[in-house]
Amino acid sequence: MDTKDGFVLKINTKAVKKKASRIKKSVDELIYGKSSWKAHKSPKRTYTVPMQTVKSISTKTKQANWFFLSLAVAIVYFLVKGRMNWRLPSPFSFRRKTKGRVVRDRSLGGREVHIAPLESSFKARAATSPLEDSSEKAQKVESSRKADKGSSFNPPSWWVEPPTAIASLAQKKSAEMQANALLRSMLDARLLGSDFPTFSLVEFEGLCNSAGIVINVEPTNSREALFRAGLNAAIEAAVSGSSVLGGKKPSAFVCGLAVCIGLDRNRAATLIKAGVASKCRSVLLNCAAQMRREESGDVLLSLMHVDSLLHAFTPEVNAPETEVLAAGLVSRISQKERITLLETYKSAGFGHQELFAELVGLEYLPGSS
């Protein structure tokens, strides 16, 4: 640096800067202290986020959480209630994929049962031999059932075997299609809470036996429920003497129905005997109540119903059903009342007097009146 006197002054800038830095450091130590000088020298940087952005992120997170929670609840609900059409794959589901449908049976307390398709029997028959007679197939079905049961059929006195039908192959196919459609409509109506209509049962039995075909109703509880409905209709027709069975006798109708639905004959006979005994029990208990109310006309009418039922389905002597019925009546009706019922039955001239005496638990004396 030039001066007025002509001298040049050289200044060491590095030393000045170093000296200034030391002075600044000592001043900072005096102000902030020695320990916090370094922190003051390099403070941490902070960033601020707008509050609107924070609220938007929080709202979207809550919406996503509620969506996934609702989806999980819906999946659990449908799996528990069984409202979905699909099934869990193995090993969670062991049900085989078979044709047919799953329905709820009211007689089993709403339990789900599998119903095989009605067309399967016809397709199986057509695939085996289209020229084979349906009556021969029915005999094969019955023979296989007897072989499974391992016992022969001893028909009661009232059992009526359906006559052998003579029909062409086209007539049998047509009758089988109509019978399957009628059976499906009856089963669907029953699932909706209705009973089997009597006129549908009469038409179904007539179609099957006129063409000599057998419609295997599955499962077993549906087959027996249909037969019980026909049995009740036959018993009511026998009691009232009505002609709602298409002009057939009650025994002929119910036996034909058992054959055309593929029900085992031994099982059908057991159900018929039990149904007749139950009806006799209810009528005789009603007779005792009417006699206590001194309604002699109604007593005679009820005894006539018993006579009609014994005429249509005559029980065997010393049958197990009769013994059970007599044992139940002895505890409900006094001996004096049972003797009065027997004397009234005999004085009215009804038949099967010995059987009636066995029903009420008394010994029959032919000479007394």
Side-chain angles (χ1 to χ4, degrees), residues 134-135 138 142 153 155-167 171-172 174-176 178-187 189-190 194-217 222-283 301-315 321 350-352:
S134 296
S135 61
E142 293 301 328
F153 175 61
S157 59
W158 43 262
W159 184 270
V160 180
E161 194 70 23
T164 303
I166 301 176
Q171 292 175 344
K172 293 177 180 179
S174 176
E176 189 165 10
Q178 296 178 21
N180 282 329
L182 186 60
L183 178 61
R184 184 178 295 277
S185 65
M186 289 190 294
L187 292 177
R190 182 172 178 267
S194 303
D195 295 331
F196 292 105
T198 303
F199 63 90
S200 298
L201 293 172
V202 172
E203 184 181 0
F204 177 78
E205 189 269 342
L207 283 171
C208 294
N209 288 325
S210 62
I213 59 177
V214 177
I215 305 295
N216 292 320
V217 183
S222 297
R223 179 168 61 249
E224 291 194 357
L226 187 145
F227 179 75
R228 290 178 188 274
L231 174 60
N232 292 333
I235 290 176
E236 292 298 330
V239 169
S240 61
S242 60
S243 58
V244 296
L245 303 179
K248 289 186 176 182
K249 294 182 179 180
S251 58
F253 166 75
V254 72
C255 294
L257 182 63
V259 172
C260 70
I261 64 176
L263 183 63
D264 179 64
R265 286 172 169 79
N266 289 318
R267 176 62 177 167
T270 301
L271 293 176
I272 294 172
K273 293 176 183 178
V276 171
S278 178
K279 184 64 177 180
C280 288
R281 179 180 182 275
S282 63
V283 174
L301 182 61
S302 298
L303 292 178
M304 184 176 63
H305 291 167
V306 176
D307 176 67
S308 301
L309 194 57
L310 294 179
H311 179 72
F313 302 96
T314 306
E321 295 81 7
F350 296 132
H352 308 287

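Predicted, not measured: the structure shown is a model, and the values here were computed from it. Here, residue 1 is the first one in the sequence, and each next residue gets the next number.
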For a quick test of reading the model, state the closest non-hydrogen atom pair linking Gly230 to Leu257 and the distance between them.
CA-CD2, 3.8 Å
Nearest-0.5 Å distance, OG of residue Ser308 to CD1 of residue Ile235:
13.0 Å
Nearest-0.5 Å distance that lies between atom CD in Glu176 and atom CD1 in Ile213
5.0 Å
Can you tell if the side chain of Trp159 reaches within under 4.5 Å of the side chain of Arg265, non-hydrogen atoms only?
yes
Note: Ser222 and Leu187 closest approach over all heavy atoms is CB-CD2, 4.4 Å
Side-chain contact, heavy-atom cut-off 4.5 Å: Val160 with Phe253?
no
Kindly say whether Leu310 contributes a backbone atom to a donor-acceptor pair with the side chain of Thr314 at under 3.5 angstrom?
yes
Heavy-atom closest pair, residues Glu321 and Ala277
CB-CB, 4.1 Å
CG of Leu301: more than 12 outside heavy atoms within 6.0 angstrom?
yes
Closest non-hydrogen atoms of Phe313 and Val254, given as atom of the first, atom of the second and distance, are CE2-CG1, 4.0 Å
dist Cys255:SG -> Lys248:NZ (nearest 0.5 Å) comes out at 10.5 Å
Look only at the side chain of Ser174 and the backbone of Gln171, and say whether a donor-acceptor pair between them is shorter than 3.5 Å.
no
Counting distance only, does the side-chain N/O of Thr270 pair as donor-acceptor with the main-chain N or O of Asn266 below 3.5 Å?
yes
Between CG on residue Leu271 and CG on residue Leu263, distance to nearest 0.5 Å
6.5 Å
Parallel, tilted or perpendicular: which one describes the rings of His311 and His352, with boundaries at 30° and 60°?
tilted
Heavy-atom side-chain proximity of Val306 to Phe350 below 4.5 angstrom:
no
Looking at Leu309 and Ala238, what are the two nearest heavy atoms and their distance?
CD1-CB, 4.2 Å
Between Asn209 and Cys260, is there a donor-acceptor pair closer than 3.5 Å when you use the side chain of the first and the backbone of the second?
no
Within a strict 4.5 Å, meaning less than it, do heavy atoms of the Lys279 and Val239 side chains meet?
yes
Mind checking whether Leu183 and Leu226 have side chains closer than 4.5 Å, heavy atoms only?
yes
Looking only at heavy atoms, what is the nearest atom pair of Val202 and Gly246, with distance?
CG1-N, 4.0 Å
Got a donor-acceptor contact below 3.5 angstrom from the Ser278 side chain to the Gly275 backbone?
no
Could you grab the distance from atom CG of Leu231 to atom CD of Glu236, nearest 0.5 Å is fine?
10.0 Å
Below 4.5 Å, heavy atoms only, C-beta onward: do Glu205 and Leu245 meet side chain to side chain?
no
